[in-house]
Amino acid sequence: MALLPILVAPDPRLKQKADAVNEVDDEIRRLMDDMLATMYEAPGIGLAAPQVGVSRRVIVLDISRDGEAKAPICLANPELLWLSDEDASYEEGCLSVPEHYAEVVRPAAIRVRYLDRDNKRQELAAEGLLATVIQHEMDHLDGILFIDHLSSLKRNMILRKLVKARRQVLEPAS
């Protein structure tokens, strides 16, 4: 498994809509495996293919806690079938928006349809953190970052900090 470079906002590739997967074949399974390895190394609890520069509708996640057995979930072409009327608020972060966190309100429970690693159509009911992570990662497939759910003032402040941090890395002070 290879570790993949994670794109950081405001990289324009993060704002593009990802292409559907025709089928989960060996190439897509390898992508899923590489994404999981990258996510675990980062460390994170979710990762979408666009975050590693691959414009495909693939997400991986694992919300198991430290000390628990890993429980990875891989989804290709996920689509929301149902959203609860009840909302939940979680402090979200993102590997593509490093070191920034904010409260985001999303539906508390969902039902999602997807293709699994074996190219079988599956459905999953999720609530709580799992529902939030799936929605967060699915947003990436449509070019949406968690900061897009914030006020324009907060979003622009975070983006300015990310640009400044990138500039400091690229142009170190002499």
Side-chain angles (χ1 to χ4, degrees), residues 2-21 31-32 34-63 66 72-80 83-84 86-110 112 114 126-174:
L3 294 181
L4 305 170
I6 298 173
L7 303 179
V8 175
D11 190 302
R13 291 172 288 180
L14 292 169
K15 301 304 288 176
Q16 296 173 350
K17 188 170 177 144
D19 298 323
V21 169
L31 172 63
M32 289 172 167
D34 291 347
M35 288 172 59
L36 282 168
T38 302
M39 178 192 77
Y40 288 132
E41 180 68 23
I45 59 173
L47 190 65
Q51 291 179 270
V52 293
V54 178
S55 183
R56 303 304 296 272
R57 297 187 76 78
V58 174
I59 64 175
V60 299
L61 54 110
D62 186 344
I63 62 167
D66 286 340
I73 302 173
C74 301
L75 303 89
N77 297 340
E79 54 183 307
L80 290 172
L83 302 166
S84 69
E86 180 186 339
D87 288 334
S89 176
Y90 278 93
E91 183 175 69
E92 295 188 22
C94 181
L95 297 174
S96 292
V97 186
E99 300 177 22
H100 293 276
Y101 303 88
E103 290 288 323
V104 177
V105 176
R106 299 180 185 273
I110 62 169
V112 63
Y114 63 97
E127 60 184 28
L129 180 61
L130 180 58
T132 295
V133 173
I134 290 171
Q135 291 172 84
H136 174 111
E137 299 309 331
M138 285 182 67
D139 273 357
H140 281 294
L141 304 180
D142 293 320
I144 299 167
L145 299 173
F146 86 93
I147 58 175
D148 294 326
H149 293 279
L150 307 177
S151 71
S152 60
L153 180 67
K154 284 184 184 174
R155 179 177 55 254
N156 290 335
M157 190 170 65
I158 290 171
L159 288 171
R160 277 195 304 275
K161 287 179 181 177
L162 291 170
V163 169
K164 182 178 179 183
R166 183 184 324 184
R167 216 178 292 125
Q168 289 173 339
V169 169
L170 296 175
E171 308 163 8
S174 42

Full working for side chain to side chain contact (heavy atoms under 4.5 Å, CB included) between H140 and L145: CA-CA 6 Å; H140 281 294; L145 299 173; 3.4 Å; yes
Got a sec: does the [atom1] of [X] have more than 12 other heavy atoms crowding it under 6.0 Å?
{"X": "K15", "atom1": "NZ", "value": "yes"}
{"X": "E103", "atom1": "CD", "value": "yes"}
{"X": "E91", "atom1": "CD", "value": "yes"}
{"X": "E79", "atom1": "CD", "value": "yes"}

Looking at every non-hydrogen atom in both residues, tell me the closest pair between [X] and [Y] and how far apart they are.
{"X": "P50", "Y": "L14", "value": "O-CD2, 3.8 Å"}
{"X": "V112", "Y": "L75", "value": "CG1-CD2, 4.3 Å"}
{"X": "R155", "Y": "D148", "value": "CD-OD1, 3.3 Å"}
{"X": "L95", "Y": "I6", "value": "O-CG2, 3.7 Å"}
{"X": "M39", "Y": "G46", "value": "SD-N, 3.3 Å"}
{"X": "A126", "Y": "A131", "value": "O-CB, 3.6 Å"}

Residues E99 and K161 bridged, charged N to O under 4.0 Å: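 Salt bridge flag = no for K161 with E99.
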Point-to-point distance, once rounded to the nearest 0.5 Å, from [atom1] of [X] to [atom2] of [Y]:
{"X": "L3", "Y": "T38", "atom1": "CG", "atom2": "OG1", "value": "5.0 Å"}
{"X": "L47", "Y": "S96", "atom1": "CG", "atom2": "OG", "value": "7.5 Å"}
{"X": "M35", "Y": "I59", "atom1": "CE", "atom2": "CD1", "value": "8.0 Å"}
{"X": "I63", "Y": "L130", "atom1": "CD1", "atom2": "CG", "value": "4.5 Å"}
{"X": "M157", "Y": "L153", "atom1": "CE", "atom2": "CG", "value": "6.5 Å"}
{"X": "Q51", "Y": "D11", "atom1": "CD", "atom2": "CG", "value": "11.0 Å"}

Got a donor-acceptor contact below 3.5 angstrom from the [X] side chain to the [Y] backbone?
{"X": "N77", "Y": "V21", "answer": "yes"}
{"X": "R56", "Y": "A49", "answer": "no"}
{"X": "D34", "Y": "A2", "answer": "yes"}
{"X": "Q135", "Y": "P107", "answer": "yes"}
{"X": "D142", "Y": "I144", "answer": "no"}

Among L150, I147, L162, the one residue meeting side chain to side chain contact (heavy atoms under 4.5 Å, CB included) with H100: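 Exactly one candidate clears the test, L162.
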Side chain to side chain contact (heavy atoms under 4.5 Å, CB included) partner of R106, the single match among V133, I134, D139, L83: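 Exactly one option meets the side chain to side chain contact (heavy atoms under 4.5 Å, CB included) with R106, and it is D139.
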Worked check of side chain to side chain contact (heavy atoms under 4.5 Å, CB included) between M138 and R57: CA-CA 8 Å; M138 285 182 67; R57 297 187 76 78; 5.6 Å; no
R166 vs P10 side-chain heavy atoms within contact, under 4.5 Å: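 Sidechains of P10 and R166: in contact.
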Run the side-chain hydrogen bond (donor to acceptor under 3.5 Å, both in side chains) test against [X] and tell me which residues pass, sequence neighbours left out.
{"X": "S55", "result": "none"}
{"X": "D19", "result": "none"}
{"X": "Y40", "result": "D62"}

Evaluation steps, side chain to side chain contact (heavy atoms under 4.5 Å, CB included), between H136 and L61: CA-CA 11 Å; H136 174 111; L61 54 110; over 6 Å; no
